[in-house]
Number of protein chains: 2
Amino acid sequence: MPTSEDETGPIYRVIADKLRKSIITGELVDGQRVPGENELMRRYGVARATARQALRTLIDEGIVTPVRGSGNFVRSFRPVRRHAPKRLSAELWGRGRPIWDADAGDRTVEVDNVSVREVRPPEHVARALDLPESATTVRRQRRYLVDNRPLQLATSYLPAELARGDGAVLTAVDTGPGGIYARLDELGSAPAHFTEELRVRMPGPHEAEALSLAPGTPVIEVVRTALTAHQQAVELNEMVLDGSAHVLAYDFDA
Amino acid sequence: MPTSEDETGPIYRVIADKLRKSIITGELVDGQRVPGENELMRRYGVARATARQALRTLIDEGIVTPVRGSGNFVRSFRPVRRHAPKRLSAELWGRGRPIWDADAGDRTVEVDNVSVREVRPPEHVARALDLPESATTVRRQRRYLVDNRPLQLATSYLPAELARGDGAVLTAVDTGPGGIYARLDELGSAPAHFTEELRVRMPGPHEAEALSLAPGTPVIEVVRTALTAHQQAVELNEMVLDGSAHVLAYDFDA
DNA sequence: CAGTGGTCTAGACCACACA
DNA sequence: GTGTGGTCTAGACCACTGT
């Protein structure tokens with residue numbers, strides 16, 4: 001009698017369903033502990049692996065987070081709203097303000113793990129920037145933290161040619177007021193149009209580590225291309241966002 | 001000797017890392033079978049649960065899909081590109097063409113599980129549409145399939161008031177050429193602006209079922225508000241997309 | 001039919017959290 | 001120290017796939 005399916009499906013599913021229900025109905029609140037493995041074993045008379053699988057289901061759905069030595073907890077959700085069109089308006093960086101001001105509110109924003117190098121671009125980057133075979137790019141990598149929580153990894157590529165004679169600016173770790181876009185403006189290559197492409201997937205182990213992602217958290221991959229008024233691509237920025245921490249907003253006309 | 005960690009971390013992680021590597025380097029190609037549980041048990045001398053956990057890791061990362069009775073396979077990834085600004089241009093629906101033509105290419109597009117009802121809107125919908133307490137809405141639900149694969153669920157709400165006297169049109173299952181936006185145009189409420197809000201999360205069991213999602217597949221929740229030229233909200237559309245099957249594109253100016 | 005993944009049991013040792 | 005989740009073993013029966 002102790003195997004696979006009865007009429008209602010696998011046991012672990014039944015248990016997971018009950019737990020999910022008590023979370024959705026608000027019986028179990030944000031941050032509250034859910035019944036642990038031992039408790040589920042007692043309550044439903046199942047083996048440990050089965051209780052575990054029930055919890056695993058909820059973890060995979062991203063509604064519960066396990067904490068070693070302590071228990072499983074209902075996950076809270078307070079995303080950052082990221083409104084790309086507003087963030088990247090020239091009004092903002094034109095006045096020398098960092099673009100993150102646009103959506104961070106009164107949260108603290110920090111930048112981390114900065115690395116700037118001149119590199120041969122990957123093939124898809126060279127194509128996007130319309131660069132010849134031999135060209136090199138300035139690659140800028142960094143990590144953003146909001147309220148001390150890592151939320152985003154970013155790697156951007158700029159044609160090294162743009163930096164000729166003024167290379168120190170684009171290559172500097174600190175890009176100064178208004179950031180890289182203000183510098184591009186001063187070089188006569190102000191971004192005028194942007195396109196963003198979004199993909200969604202589960203993180204690899206490196207990304208899960210760098211963003212401190214709980215199991216069951218997807219990431220959003222954003223690839224942004226910045227174009228001048230003459231449709232010249234001047235930057236390609238590949239970002240990886242913690243999916244549980246973001247709401248992305250866009251607007252456009254019919 | 002057969003417990004938890006050695007210097008390189010848990011055994012299942014080591015196994016998962018090797019498998020992942022052979023997928024990324026192209027040793028194992030799209031759609032190809034990866035070594036099964038029995039093979040991993042033999043090759044690494046581990047118990048079944050351990051081999052299983054290694055495979056589970058890759059499944060959770062969305063790069064492998066299990067098939068009952070057959071094996072685990074490298075997952076292929078051929079997303080639909082969804083360019084919202086183009087899809088929703090008035091040129092398109094203004095000519096009576098269905099908006100899905102914009103990005104589906106030569107794939108077949110079908111609509112499924114259509115349900116149209118007049119309902120009291122949920123609280124957040126009433127707020128978004130700026131409706132009084134007592135107002136009702138027309139709710140349209142459906143599922144989209146591309147090449148026979150379910151890709152998207154959609155639920156849209158329109159103020160029932162808009163349909164007064166011409167209710168049969170907005171309430172019809174088939175909205176006719178150009179879809180609902182063309183009908184709104186005829187009623188003098190043509191959408192002029194759109195805003196979209198995107199969230200990412202793992203699906204609940206109902207969504208996983210309706211979209212035939214493999215384990216490890218996140219969904220994208222898109223909430224779109226359609227506004228007239230006078231900033232009047234005339235539709236709110238809540239969509240749930242198969243995250244592994246979509247690339248979303250947006251563009252905007254600085 | 002043999003082989004595969006899906007589910008389940010009944011144990012075990014470990015690192016970590018908390019009182 | 002007790003309880004928690006993390007990892008692991010060694011079995012078992014099941015439904016399903018493919019030959």
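Just so we're on the same page: letters track the sequence lines, and every chain starts at 1.
A salt bridge does not link B/E118 to B/R139: none of the charged nitrogens lies less than 4.0 Å from a carboxylate oxygen. A salt bridge is defined here as a Lys NZ or Arg NE, NH1 or NH2 lying under 4.0 Å from an Asp or Glu carboxylate O, and B/E61 with B/R20 meets this definition.
For the pair A/Q53 CD and C/dT9 C1', the computed distance is 13 Å after rounding to whole Å. Between the CZ atom of A/R56 and the C1' atom of C/dG6 there is a distance of 16 Å, given to the nearest Å. Atom pair B/I11:CD1 and C/dC13:P shows a separation of 16 Å (rounding to whole Å applied).
Judged purely by atom type and a 3.5 angstrom limit, A/S70 has no side-chain atom pairing as donor or acceptor with the backbone of A/V67. Side-chain atoms of B/S22 come within 3.5 Å of backbone atoms of B/L19 as a donor-acceptor pair (strictly under, hydrogens ignored).
In terms of the side chain to side chain contact (heavy atoms under 4.5 Å, CB included) criterion, residue partners of B/D60 (sequence neighbours excluded) are, by chain and number, A/R56, A/D60, B/R56. Judged as a salt bridge (charged side-chain N to carboxylate O under 4.0 Å, His left out), and not counting sequence neighbours, A/R120 has no contacts. For the salt bridge (charged side-chain N to carboxylate O under 4.0 Å, His left out) test, residues two or more places apart in sequence or in another chain that qualify with A/E196 are A/R82, A/R224. Residues that satisfy the side chain to side chain contact (heavy atoms under 4.5 Å, CB included) test with A/N113, not counting sequence neighbours, are A/R143. Remark: B/R52 engages B/E37, B/R48 in a side chain to side chain contact (heavy atoms under 4.5 Å, CB included) (not counting sequence neighbours). For B/R33, there are no salt bridge (charged side-chain N to carboxylate O under 4.0 Å, His left out) partners two or more places apart in sequence or in a different chain. Residues passing the ring pair (Phe, Tyr, Trp, His ring centres under 6.0 Å) test with A/Y250 are B/Y250, sequence neighbours excluded. Applying the side chain to side chain contact (heavy atoms under 4.5 Å, CB included) criterion to B/R149, with sequence neighbours excluded, gives B/L151, B/D242, B/S244, B/A245.
For A/V46, the listed nucleotide lying nearest its side chain is C/dT9; candidates were C/dT9, C/dC8, D/dC8. Considering only side-chain atoms of A/R68, the nucleotide from D/dC8, C/dT9, C/dA15 that sits closest is C/dA15.
Under a cut-off of 6.0 angstrom, the local environment of CD in B/Q141 is crowded, with over 12 non-hydrogen atoms contributed by other residues, nucleotides or ligands. Few gaps surround CD on A/E110; more than 12 heavy atoms of other groups in view lie less than 6.0 Å from it.
The residue among B/R52 and B/R42 whose nearest nucleotide of DNA chain C lies closer to the 5′ end is B/R42.
Pairing analysis of DNA chain C (Watson-Crick: purine N1 to pyrimidine N3 plus N6-O4 or O6-N4; G-U wobble: N1-O2 and O6-N3; both under 3.5 Å) yields stems of 3 or more pairs at C:1-18 with D:1-18.
Of the residues in residues 34-41 of chain B, those lying under 4.0 Å from DNA chain C by heavy-atom distance are B/G36, B/E37, B/N38. Interface residues of residues 204-219 of chain A facing DNA chain C, ordered by number: none; criterion, heavy-atom separation under 4.0 Å. For DNA chain D, the residues of residues 57-67 of chain A within the heavy-atom distance limit of 4.0 Å (strictly under) are A/P66, A/V67, sorted by number.
You won't find any donor-acceptor pair under 3.5 Å spanning the side chain of B/R13 and the base of D/dG6, going by distance alone. Counting distance only, with no hydrogens placed and no angle test, the side-chain atoms of B/R48 and the base atoms of C/dG5 include a donor-acceptor pair under 3.5 Å.
Heavy atoms of B/R33 sit under 4.0 angstrom from primed sugar atoms or phosphate atoms, though from no base atom.
In terms of phosphate contacts, A/Y12 brings a side-chain nitrogen or oxygen within less than 4.0 Å of OP1 or OP2 of C/dT7. Distances shorter than 4.0 Å separate none of the side-chain N or O atoms of B/N72 from OP1 or OP2 on C/dT4. A sub-4.0 Å separation between OP1 or OP2 of D/dC16 and a side-chain N or O of B/S70 is absent.
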